[in-house]
Structures are given as structure tokens and as C-alpha cells.
Amino acid sequence: MEELILKLKKEIIEVLNLEDIKPEDIDDNAPLFGEGLALDSIDALELIVLMEKNYGIKIKDPNEGKEIFKSVTVMAEYIDKHRTK
Amino acid sequence: MINHWVKIEKDKVVVDGKQIEIELSESESLLNTIYKNKIGDYPKFYKMDPLCKLGFVASELLLDAEGRREEEWGEKRGVVLFNASSSLADDRNYQKTIEGDDVFPSPSLFVYTLPNVVTGEICIRNHYYGESNFMVLRGLDVEKMSQILNATFADTCTESLVTGWVDCQSEKEYSALMFIVERGSFDEAELSKL
């Protein structure tokens, strides 16, 4: 799981252009939206694309997305269970 | 009368006629370097497309030259920009995400496929609630720009405009000439000299 969390952090930094932020700056359990990284709605769409493109996971229900993107740990656990690639 | 102006080309930055020293490196673009050295407090900058970065950096240098004021401009200041390439730089980048078999359109690139996002970003950053307009012309046409600026001042609330030419064809091909004009003082001949 630790390896997946680190990979995920690197992917998030890349797709969201989080310049000057390193994987170790992202708290595994901190909220991604509202506080923590203070991401916005466009970032949420970009994360949905990341999930499909890199892990073959399609998120269709916005409420489901809210739960999945609670933190990097929650995202990684969801990916671990549902990934198709 | 044009009191303050900024010109940005791919290897040169001039503010009010004075060239600004920027230490360039191979790993960092001119616009990123200016942001890091002169601005640095707006992380959203890194999410912007090349056109938006150009307009944002030009406006920050321009407003620094003018001197930030405590009182907000609100509706009294508008932002009217012009170019010939519209949002071409970002359009090209976005197109790459919708080509081929493995298609994953990028939402963050899509939002910048309109040039007027630049004027919006400048208005949001500076709390300007006046006219916000981005006109795409065939080329840098001082006469046409002057007509549009004079027409913008025909309303009852615009006292001042952040305006000019902000054109970006790619990350490496761009030019900006941005300036501030006040109601009743705009002189087309002056613009031709910049």
C-alpha cells in the first residue's frame, strides 16, 4: 500500500501541476479538498480522469467521488480494490 | 495618457521603458522565472495555460509599477485585452488529449480553451468588477483597439482600463504589451510609439 500511495502522490502532483510540492509534503490522511491541498472542482475532474486513465476505474456517481477523494490513503485503498489495470 | 506599460517578449521584459533584469535558466521558462522572482503568492499560476500565464505576469508587473492602492477599484476599472491567436497555445495542448485511440480529454486544459479566461483571472486577482473583454483581431491594429477602448469608456462607470496586446502561439512564441489608460486621457498616437 505504501508504494501505491507514493505513486499516487507523484501522479497527483504531475496532473494537477502542484509546483513546489513534493510527495512527502502531502499528508496521507489530510483532506484533498477544502483544506489540505485546497483543490478545486476542475482538479476533481482531473482526478477522475487519472483514476480511469491509470487504473481503469470509472467514477460515474459524483457522491462516490466525494468519498473516494477524501484523502490519498482512501484513494489508494479504493484503487487497490477496484483497479482493472 | 499612458502612465504605465509593460512589454514582454520571449527574452526581454520592459516596464515603463526600463528593461528588467531576469536571470534565465535552461530549466525554467521566462514566465515561470518572473513569477518566482517577482510574484510568488498565487499557486494557481502553475495551473494556467501559456496565454493566461503571460497575461497574468504582465498585469502583475504593470500593477506593481502603478503602485497598489488600498481602496479597491471595483466597477471603476475594467480589463480589455486583444490578440490574434486567441487561445491557440492551449487549444493545441488540449487537442493532443482528444486524439488517437486512448482518449482522455483533460478538464484542466479544456477550461483554458477560451482567451477571455485571462481577463477573468486578472479581475479575480485584483477585485475588478468592471468591463471584462477579450477581442481577437486579425493582427495588432492600433486604430481598431483605440475604437474599442474609446467605446468602453462610453459607459458611466469605467474610469480606468488595464488593456493591451497579449498574444501567445506556444510556450516559446509570445508577446505582450499591456498598459493602463484612464478615462479621457487615451491617445492613440501614444500607443503607436510603444
Side-chain angles (χ1 to χ4, degrees), chain A residues 7-27 30-69 71-72 75 78-79 82-85, chain B residues 25-54 56-57 60 87 89-114 116-118 120-121 123-125 168 171:
Chain A
K7 181 171 178 276
L8 195 52
K9 284 180 180 178
K10 287 178 182 170
E11 289 170 342
I12 290 171
I13 289 168
E14 191 193 340
V15 300
L16 302 185
N17 289 317
L18 301 175
E19 194 88 4
D20 295 335
I21 290 185
K22 297 183 184 77
E24 55 268 31
D25 298 332
I26 303 174
D27 186 330
L32 291 172
F33 293 89
E35 39 188 305
L37 294 177
L39 306 184
D40 61 23
S41 56
I42 300 298
D43 295 323
L45 292 174
E46 208 61 66
L47 290 182
I48 289 171
V49 172
L50 182 156
M51 296 284 273
E52 185 173 348
K53 190 176 175 180
N54 297 0
Y55 302 101
I57 297 170
K58 285 190 182 184
I59 300 168
K60 290 176 182 165
D61 180 2
N63 289 325
E64 195 186 10
K66 253 184 198 173
E67 289 301 313
I68 299 164
F69 299 141
S71 68
V72 176
M75 263 182 94
Y78 188 87
I79 289 168
H82 299 89
R83 66 189 300 171
T84 59
K85 62 179 181 185
Chain B
S25 69
E26 282 187 11
S27 59
E28 203 82 83
S29 71
L30 173 68
L31 298 177
N32 280 10
T33 305
I34 300 172
Y35 172 78
K36 282 185 176 170
N37 293 346
K38 307 276 182 192
I39 308 165
D41 65 343
Y42 203 63
K44 199 180 171 195
F45 171 82
Y46 292 113
K47 295 175 190 281
M48 294 177 183
D49 77 312
L51 174 68
C52 226
K53 281 185 174 181
L54 176 63
F56 179 80
V57 163
E60 287 292 301
S87 54
D90 187 65
D91 294 349
R92 283 187 175 130
N93 289 336
Y94 179 69
Q95 191 175 7
K96 287 177 196 160
T97 73
I98 57 171
E99 282 177 340
D101 298 329
D102 210 16
V103 174
F104 289 97
S106 165
S108 56
L109 289 177
F110 179 74
V111 295
Y112 287 104
T113 56
L114 283 172
N116 57 341
V117 177
V118 185
E121 291 280 9
C123 289
I124 290 167
R125 165 76 159 169
C168 181
E171 274 96 350

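Just so you know, these numbers come straight off a predicted model, no measurement behind them. Note on naming: letters A, B, ... go to the chains in the order of the sequence lines (proteins, then strands), and numbering restarts at 1 for each one.
Of all non-hydrogen atoms in B/Ser108 and A/Ile42, the two that sit nearest each other are CA-CG2, 3.6 Å. Taking every heavy atom of both residues into account, A/Leu16 and B/Lys47 meet most closely at O-NZ, 3.0 Å. The two atoms that bring A/Val49 and B/Pro105 nearest to each other are CG2-O, 3.8 Å, heavy atoms only.
Applying the side-chain hydrogen bond (donor to acceptor under 3.5 Å, both in side chains) criterion to B/Lys38, with sequence neighbours excluded, gives no partner residue.
Residue-environment remark: NZ (B/Lys36) exceeds the threshold of 12 foreign heavy atoms within 6.0 Å. Within 6.0 Å of CD in A/Glu14 there are 12 or fewer heavy atoms belonging to other residues, nucleotides or ligands. Crowding of A/Lys10 atom NZ: a count of heavy atoms from other residues, nucleotides or ligands under 6.0 Å not exceeding 12. Taking a 6.0 Å sphere around NZ of A/Lys22, one finds it holds 12 or fewer heavy atoms contributed by other residues, nucleotides or ligands. Counted within 6.0 Å of OH on B/Tyr46, heavy atoms from surrounding residues, nucleotides or ligands total more than 12; the atom is thus considered enclosed.
Interface residue A/Leu18: only side-chain heavy atoms are found under 4.5 Å from chain B.
Contacts from residues 89-102 of chain B to chain A, taken as heavy-atom pairs separated by less than 4.5 Å, involve no residues at all.
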